[in-house]
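The structure under discussion appears below in the form of structure tokens.
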Amino acid sequence: RKLIRLFSNVGIRNSPTILELGGANSAFADAIASAMHPKRYAVADTNACGLTLFRERFPDTELFPSFEVDAVDLPAGLAGYDVVFSVGLIEHFSPYRTARCIASHFKACRPGGIVLITFPTPTLLYRMIRSAAEKTGHWIFHDERPLQFAEVHAACRAYGDLVHESITWQIGLTQGCAVYRRR
């Protein structure tokens, strides 16, 4: 619901073209497609199994194409989308690869389009929950690197203008959200 609300608040209306990076078997495609009626809802990921599950859920490959590609090095053909977004993707890379992945979001987005990126951010609540999970052996995101807004904004500013930032607190492992309009 938050993604749909944010898209609407920044002027994305019905029938946009959408690319979800790191989407594999997207947790968001059903709700977004139902609310926004996209012309195309594409997912791009390196996870072949997840992409197969996505294609089983959405067999119309014209409306719901999927691409087995690395979000850090997207092919030139994945471009011109109204909305490009990722949820919990960019924190799985080194700082250099995070910046490259952010650049890929903008390269895939049309000028004037929207890039939305969420990422774990190390609030006190996040650090407490993660510490408890690590101590009890329940932490499974071993390559996750919580990010400060400053790092994300530094990479995004080269390509677009900030239109929204917020922190989602309800899930405990707090997520930063940055929304940019591509120049």
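Scope of the values below: all heavy atoms of this structure, side chains included, with no hydrogens, waters or symmetry mates.
- The closest donor-acceptor contact from the side chain of Ser66 to the backbone of Leu51 lies at 3.5 Å or more, if one exists at all.
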Show your reasoning for whether side-chain contact (heavy atoms from CB on, under 4.5 Å) applies to Cys101 and Phe93.
CA-CA 8 Å; Cys101 187; Phe93 305 112; 3.8 Å; yes
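- Within the 4.5 Å cutoff, the side chain of Arg13 has no heavy atoms near those of the Ser15 side chain.
- Atoms OG and CH2, on Ser131 and Trp139 in that order, are 10.5 Å from each other to the nearest 0.5 Å.
- The distance between the ring centers of His105 and Tyr159 does not fall below 6.0 angstrom.
- Separation of atoms NE2 (His142) and CD1 (Ile140) is listed at 7.5 Å; rounding is to 0.5 Å.
- Under a hydrophobic-cluster definition in which Ile, Leu, Val, Met, Phe, Trp and Tyr are linked whenever side-chain heavy atoms come within less than 4.5 Å, directly or via other members, Phe58 and Phe85 are assigned to the same cluster.
- Residues Pro120 and Leu173 have side chains not in contact (no heavy-atom distance under 4.5 Å, counting atoms from C-beta outward).
- Taking hydrophobic clusters as Ile, Leu, Val, Met, Phe, Trp and Tyr residues chained together by side-chain heavy-atom distances below 4.5 Å, Val43 shares a cluster with Ile114.
- Put simply, OH on Tyr180 and CD1 on Ile102 are 9.0 Å apart, with the number rounded to the nearest 0.5 Å.
- A side-chain donor from one of Thr17 and Asp82 sits under 3.5 Å from a side-chain acceptor of the other.
- In the hydrophobic clustering of ILVMFWY residues, with side-chain heavy atoms under 4.5 Å counting as a link, Leu116 and Phe149 come out apart.
- Electrostatic pairing of Glu134 and Arg127 does not count as a salt bridge here, judged by no charged N lying under 4.0 Å from a carboxylate O.
- Under a hydrophobic clustering in which Ile, Leu, Val, Met, Phe, Trp and Tyr are joined whenever their side-chain heavy atoms come within less than 4.5 Å, directly or via other members, Trp169 and Leu147 fall into the same cluster.
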Enumerate donor-acceptor pairs with a distance under 3.5 Å from any side-chain N or O in residues 30-41 to protein atoms, sequence neighbours excluded.
unit_1, atom_1, unit_2, atom_2, d
Asp30, OD2, Arg57, NH2, 2.4
His37, NE2, Ser34, O, 3.4
Tyr41, OH, Glu20, OE1, 2.5

Worked check of side-chain contact (heavy atoms from CB on, under 4.5 Å) between Leu6 and Cys177
CA-CA 10 Å; Leu6 284 171; Cys177 178; 3.6 Å; yes
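- Atoms CZ and CG, on Phe54 and Asn25 in that order, are 8.0 Å from each other to the nearest 0.5 Å.
- No donor-acceptor distance shorter than 3.5 angstrom exists from the side chain of Arg110 to the backbone of Arg182, with no hydrogens or angles considered.
- Clustering ILVMFWY residues whenever any of their side-chain heavy atoms sit less than 4.5 angstrom apart, transitively, puts Val69 in a cluster other than the one holding Val87.
- Within the 4.5 Å cutoff, side-chain heavy atoms of Arg181 are placed close to those of Val10.
- Counting heavy atoms from C-beta on, the side chains of Asp45 and Glu68 never come closer than 4.5 Å.
- Checking side-chain atoms of Arg55 against main-chain N and O of Asp60 turns up no donor-acceptor pair under 3.5 Å.
- Between Val152 and Ile90 there is a side-chain heavy-atom pair separated by less than 4.5 Å.
- In this model, a donor atom of one side chain and an acceptor atom of the other lie less than 3.5 Å apart for Arg145 and Thr98.
- Between the Thr136 side chain and the Ala132 main chain, a donor and an acceptor come within less than 3.5 Å of each other.
- No side-chain heavy atom of Arg183 sits under 4.5 Å from any side-chain heavy atom of Pro111.
- Although no hydrogens or angles enter the test, the distance criterion places no donor-acceptor pair under 3.5 Å between the side chain of Ser86 and the main chain of Leu21.
- In this structure, the side chain of Arg100 does not engage the main chain of Asp73 through any donor-acceptor pair within 3.5 Å.
- For the side chain to side chain contact (heavy atoms under 4.5 Å, CB included) test with Cys156, the passing option among Ile117, Val115, Val179 is Ile117; the others fail.
- A donor-acceptor contact closer than 3.5 angstrom links the side chains of Glu165 and His153.
- Thr121 places no side-chain N or O within 3.5 Å of a backbone atom of Gln148 that could act as its donor or acceptor partner.
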